[in-house]
Amino acid sequence: RPCAWCAEGVPPEEQLAWTNSIEGCQRMLPQEVVLASSAEARTLAASLDAQRASRKPRRVKYRHECASCKEKHWLRESPKCGHMACTACWAKSVNSQSEAARGEHKMCFRCCAEGCGCELDVTFLREELHSCLLCGQYQSERSLFTNESWAGTWHAACEHAACFPCLRKHIDGQLARCDKQRFLRVPCYAPGCHKVIPQTLVFEASDAAKKLAENLDEQHNTTKPWRFTFQHECPLCKTFGWLREDIQCGHVACETCWTKWAGSQLAKMPVQKQLRLRCCHEGCECEVDAEFLRKELPPSFVTESCAWLADEADKTLRRLGTRAWRNSASTRPGPVCSVCREHQVALLHDPAGATCAGHAACERCWATWAEGQLDRCLSERSIAVRCLTPGCGCIISEGLWLYLARLSRQLAGMQQRLARRRRLQANILFPQAVQVECPRRECMGLGYLGFDTVMCFMCEFQWLPEDGAGGAPAEVDVEQIMGLQVKRCPKCQEYIEKNGGCDHMTCRCTYEFFWSTMRGYRGGA
């Protein structure tokens, strides 16, 4: 095959670097090929290994006159061009070139000798001059952060070094790209270097990188409606800093603007019964998640209060269940009760009602309305609460009645009486044919036929079945002993006091009789 440089035929045994000699190729020759092709490369490699192992300075000259400052100092020799100068002159030259290098975005420094354009070696800058590769400033040996010294066992990093401020600025400038790509990998700052900065060094130099890594891990495990964006201008306050983005609408703002917006809306939310905080951008109706306020913004009374109000609104909606009625968005004021004219999180309506499903009011107004109709329930001895909408004569369903009974003690008492009445009506031993309503207007109980007297099983009122709704039979043979009303047993004449129960009495002598008439229970005298 022809040579890529001279286009002449090359024997097969000499075609070691043919594929890597093409112009424009950015890859490096394999180390084995370099050492096998050049004896000078083998000699240089051995020299570099010896210098690295002994940690000796690179070609130091002692007590010579510096060509730049004309004073006798320890001199340092550039390995590429051989020019020598003292450490102060080398550092002064590098510092003067740092501003121009940052403007051209090329971190390369040239020899300090006049007319020499050779570039200074990276190792020479780090080991001999202790200069930062980004700013060129002279640093102490401990102030430089070399990538290779922070690399782990299985991570081959480069030998480039930089000071802490420049390293942090470089890392923070790459976080926006890392956030967009959803993984944290910071490339080296040296031009042409394709390696990345070790992760341990990234976390050591930048707290923002730590937060981004935590955020990326949380988003990888759980789906969250927000994310970080770094080093952008806030569209609201026009300041440059960390922004927070709501994925629901894509709008971003800084932490200060989010907190100020929450503070401006805090006074309206409990009054207007607003479920969620609205996005801070004008015209956007998307809601802000409570977890975003609680975890991603700085802790404050404002953010905690907005999150708490959202949680309380969720509890109210869960309590109302299918009976909740709300015709507005979660970021807008809640519906207004038609009775008290106040905003509510949600109104209460009867979903089981066929014609009054949309007739709604707040819980307090519904309970007050039902309490005013207890007399009607008592007279009809059933749930007889009408819908509160004017002109609607529908009776509310049992589900809505049971819900209102949990809100009012009066309604709860009526519900207990109705439940007891239903149990008496469901007695299989006494069917509906032998059930008799209690004659007292204030009672909703009933008794059973089949005896000489009938007793209400709720108020224990007694009456004769042939009298219908007449009064109870007159008491006979009543005696007063020590302030107690007692009677004597017709058989053994023992005093008996009745403190409750039905009219049927059984004495200790086993004699059975009716308490009101004193006649025998089984047809005796």
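These numbers come from a predicted model, not from an experiment.
Legend: residues meeting salt bridge (Lys or Arg N to Asp or Glu O under 4.0 Å) with Asp207, ordered by chain and number and at least two apart, are absent. With sequence neighbours excluded, the residues satisfying salt bridge (Lys or Arg N to Asp or Glu O under 4.0 Å) with Glu342 are Arg364. Qualifying side chain to side chain donor-acceptor pair (under 3.5 Å) partners for Glu497, counting only residues two or more places apart in sequence or in other chains: none. For Arg376, the side chain to side chain donor-acceptor pair (under 3.5 Å) partners are Glu380, not counting sequence neighbours. With sequence neighbours excluded, no residue forms a side chain to side chain donor-acceptor pair (under 3.5 Å) with Arg386.
Using a 30° and 60° split on the angle between ring planes, Tyr448 and Phe430 fall in the parallel class, below 30°. Classification of the His170-Tyr189 ring pair by plane angle, with boundaries at 30° and 60°, yields perpendicular.
Between Glu214 and Lys211 no salt bridge is recorded (no basic side-chain N to carboxylate O distance below 4.0 Å). Salt-bridge annotation for Asp375 and Arg441: absent, with no side-chain N of the basic residue lying under 4.0 Å from a carboxylate O of the acidic one.
By the 6.0 Å contact criterion, NZ on Lys498 is enclosed, its count of non-hydrogen atoms from other residues, nucleotides or ligands being greater than 12. Heavy-atom neighbours of Arg422 CZ from other residues, nucleotides or ligands within 6.0 Å: above the threshold of 12.
Heavy-atom minimum distance, Val436 versus Trp463: CG1-CZ2, 3.8 Å. Heavy atoms only, all atoms of each residue included: Leu320 and Leu348 are closest at CD2-CD1, 3.9 Å. In terms of heavy atoms, Ala205 sits closest to Leu167 at CB-CD2, 4.0 Å.
Listed by first then second residue, pairs satisfying side chain to side chain donor-acceptor pair (under 3.5 Å) with a partner in residues 408-418 read Glu371-Ser408, Trp401-Gln415, not counting sequence neighbours.
For the pair Met505 and Lys487, the minimum side-chain heavy-atom distance is 4.5 Å or more.
Side chain of Thr331 to backbone of Glu285: a donor-acceptor contact under 3.5 angstrom is found.
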Worked check of ring pair (Phe, Tyr, Trp, His ring centres under 6.0 Å) between Tyr403 and Trp366: CA-CA 10 Å; Tyr403 181 81; Trp366 264 114; over 10 Å; no
CA sep, side-chain torsions, deciding dist, call: Ser330, Glu287, side chain to side chain donor-acceptor pair (under 3.5 Å): CA-CA 7 Å; Ser330 59; Glu287 63 181 34; 2.6 Å; yes
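A side-chain donor-acceptor contact under 3.5 Å links Gln174 and Arg177.
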